[in-house]
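Beneath this line is the structure, given in structure tokens, with notes to follow.
Atom set for the values below is all heavy atoms of this structure, side chains included, hydrogens, waters and symmetry mates excluded. Owing to the predicted nature of the structure, the values given are computational and were not obtained by experimental measurement.
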Amino acid sequence: MELDVVIDVVCPWCYVGKRQLDKALAERPDVVRQVRYRPYQLSAETPAEGVDRAEHYARKFGDSPQYKAAREHLLDLGKSLGIAFDFESECRIANTLDAHRVIRWAMSTGLQEAVAEGLMKAYFEDCAFLGDPTLLADVAAAAGMDGDLVKELLASDRDKDLIAAEVKQAHAMGIQGVPMFIFNQKAGVSGAQDASVLVQVIDKLQSEAA
């Protein structure tokens, strides 16, 4: 069984969904033989210097009781999955094109999961700026990639058009929110579903294949 996971690394629900997937795969080891992380951009128009996160959230969500309740729910859910979300510290939201390039380059060495995890942890827990090429190269190196090569590639336009095309394709497929889990290129599960839901999908597809 193969699985494509469409994410944006500045989406908190993608971090939650990734951790739920980790739990599901641990419950069904050796069933999903390949997991590929695919790019999505919630705000492709974000400038290279990024935008202030607090200001962006205030414009987008306001200060309603519903938003505050949703934030508390996300914090509690994060804690249950070992995620220490920091939404209070000063932080800038980056254009994630370069981050997605690094995740793509990690595919050939089987390090996508580690790189995606490292990037989301850096942003959501350490409030790091994912538009900083040095930070991206450091995360890649920590995951086992060649950090110097990554930094060199980031200074070029390598695969920018390819990432943009993949994001466009995701929109053309009707994907309007992430994470999106696509099993065997046909069965789609949208949103940061509980691990038990993902396990049920894996079991169903495995039963059908048998």
Side-chain angles (χ1 to χ4, degrees), residues 2-22 24-25 32-46 48 50 81 83 91-173 175 177-183 185 188-192 198:
E2 296 182 353
L3 172 60
D4 290 283
V5 187
V6 185
I7 63 167
D8 196 0
V9 288
V10 291
C11 164
W13 292 107
C14 288
Y15 197 8
V16 169
K18 192 263 176 194
R19 286 291 180 89
Q20 295 284 21
L21 175 62
D22 291 344
L25 295 180
V32 179
R33 65 180 180 85
Q34 185 174 22
V35 179
R36 293 177 293 258
Y37 284 86
R38 301 294 192 183
Y40 193 89
Q41 287 195 278
L42 294 169
S43 299
E45 70 281 1
T46 300
L81 294 166
I83 299 172
C91 189
R92 295 192 71 77
I93 303 175
N95 185 305
T96 54
L97 177 63
D98 283 347
H100 285 305
R101 287 203 288 161
V102 178
I103 293 172
R104 178 174 181 78
W105 298 332
M107 185 184 299
S108 62
T109 51
L111 295 171
Q112 275 198 312
E113 183 276 331
V115 171
E117 171 78 22
L119 291 171
M120 289 190 282
K121 185 179 189 304
Y123 174 64
F124 286 111
E125 300 189 38
D126 304 328
C127 295
F129 178 52
L130 296 186
D132 178 2
T134 299
L135 182 279
L136 295 177
D138 288 346
V139 170
M145 297 178 70
D146 183 334
D148 290 335
L149 177 59
V150 168
K151 199 166 186 179
E152 181 181 324
L153 291 172
L154 284 170
S156 73
D157 290 333
R158 175 78 171 269
D159 292 335
K160 283 186 176 182
D161 290 346
L162 193 151
I163 295 298
E166 278 204 57
V167 172
K168 186 176 180 179
Q169 181 184 25
H171 285 285
M173 291 169 58
I175 297 176
V178 284
M180 170 67 78
F181 304 91
I182 306 172
F183 293 84
Q185 299 184 357
V189 178
S190 179
L198 298 175

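Looking only at atom types and distance, the side chain of D8 has a donor-acceptor partner in the side chain of H100 under 3.5 Å away.
Smallest separation of non-hydrogen atoms from V16 and A192: CG1-CB, 3.9 Å. Closest heavy-atom contact between P179 and C14: N-SG, 3.6 Å. The minimum heavy-atom distance linking W105 with T109 is given by the pair O-OG1, 4.4 Å. The nearest pair of heavy atoms linking V102 to L136 is CG2-CB, 4.3 Å. Taking each heavy atom of R92 and G50 in turn, the nearest pair found is NH2-O, 2.8 Å. Taking all atoms of both residues into account, the shortest heavy-atom contact from A143 to L111 is O-CD2, 3.2 Å.
The shortest distance between side-chain heavy atoms of V139 and M145 does not fall below 4.5 Å. Annotation: side chain of V10 is not in contact with side chain of T46 (no heavy-atom distance under 4.5 Å). Side chains of I163 and R104 form a contact here, defined as non-hydrogen atoms less than 4.5 Å apart.
If you take CE on M107 and CD on Q112, they are separated by 4.0 Å, rounding to the nearest 0.5 Å. Interatomic distance, CG of L154 versus CG of L149, reported as 9.5 Å (0.5 Å rounding). In this structure, D98 CG and L135 CG are separated by 11.5 Å, a value rounded to the nearest 0.5 Å. Separation of atoms SG (C91) and CG (L130) is listed at 8.0 Å; rounding is to 0.5 Å. Atoms CZ and CG, from F181 and L198 in turn, are 5.0 Å apart once rounded to the nearest 0.5 Å. With rounding to the nearest 0.5 angstrom, the CD1 atom of I175 is 5.0 Å from the CE atom of M180.
The number of heavy-atom neighbours closer than 6.0 Å to CD of E152, taken from other residues, nucleotides and ligands shown, is 12 or below. No more than 12 heavy-atom neighbours from other residues, nucleotides or ligands sit within 6.0 angstrom of CD on Q185. Summarising the local packing, NZ of K168 is surrounded by 12 or fewer heavy atoms from other residues, nucleotides or ligands at distances under 6.0 Å.
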Quick one, E166 with V6, criterion side chain to side chain contact (heavy atoms under 4.5 Å, CB included). Give me CA distance, side-chain angles, the key distance, then yes/no.
CA-CA 10 Å; E166 278 204 57; V6 185; over 6 Å; no

So R38 and I182, side chain to side chain contact (heavy atoms under 4.5 Å, CB included) or not? Walk me through it. CA-CA 10 Å; R38 301 294 192 183; I182 306 172; over 6 Å; no

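Between R101 and D159 there is no salt bridge, since none of the side-chain N atoms of the basic residue sits less than 4.0 Å from a carboxylate O of the acidic one. For the pair D148 and K151, the salt-bridge criterion is not met [side-chain N within less than 4.0 Å of a carboxylate O].
Sorted by first and then second residue, the ring pair (Phe, Tyr, Trp, His ring centres under 6.0 Å) pairs involving residues 130-173 (not counting sequence neighbours) are Y40-H171.
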Distance-only check: which donor-acceptor pairs under 3.5 Å involve side-chain atoms of residues 115-126, not counting sequence neighbours?
{"from": "E117", "atom 1": "OE1", "to": "K18", "atom 2": "NZ", "distance (Å)": "2.7"}
{"from": "E117", "atom 1": "OE1", "to": "R19", "atom 2": "NE", "distance (Å)": "3.3"}
{"from": "E117", "atom 1": "OE2", "to": "R19", "atom 2": "NE", "distance (Å)": "3.1"}
{"from": "E117", "atom 1": "OE2", "to": "R19", "atom 2": "NH2", "distance (Å)": "2.6"}
{"from": "E125", "atom 1": "OE2", "to": "Y15", "atom 2": "OH", "distance (Å)": "2.7"}

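Between the side chain of D146 and the backbone N or O of A141, no donor-acceptor pair lies under 3.5 Å.
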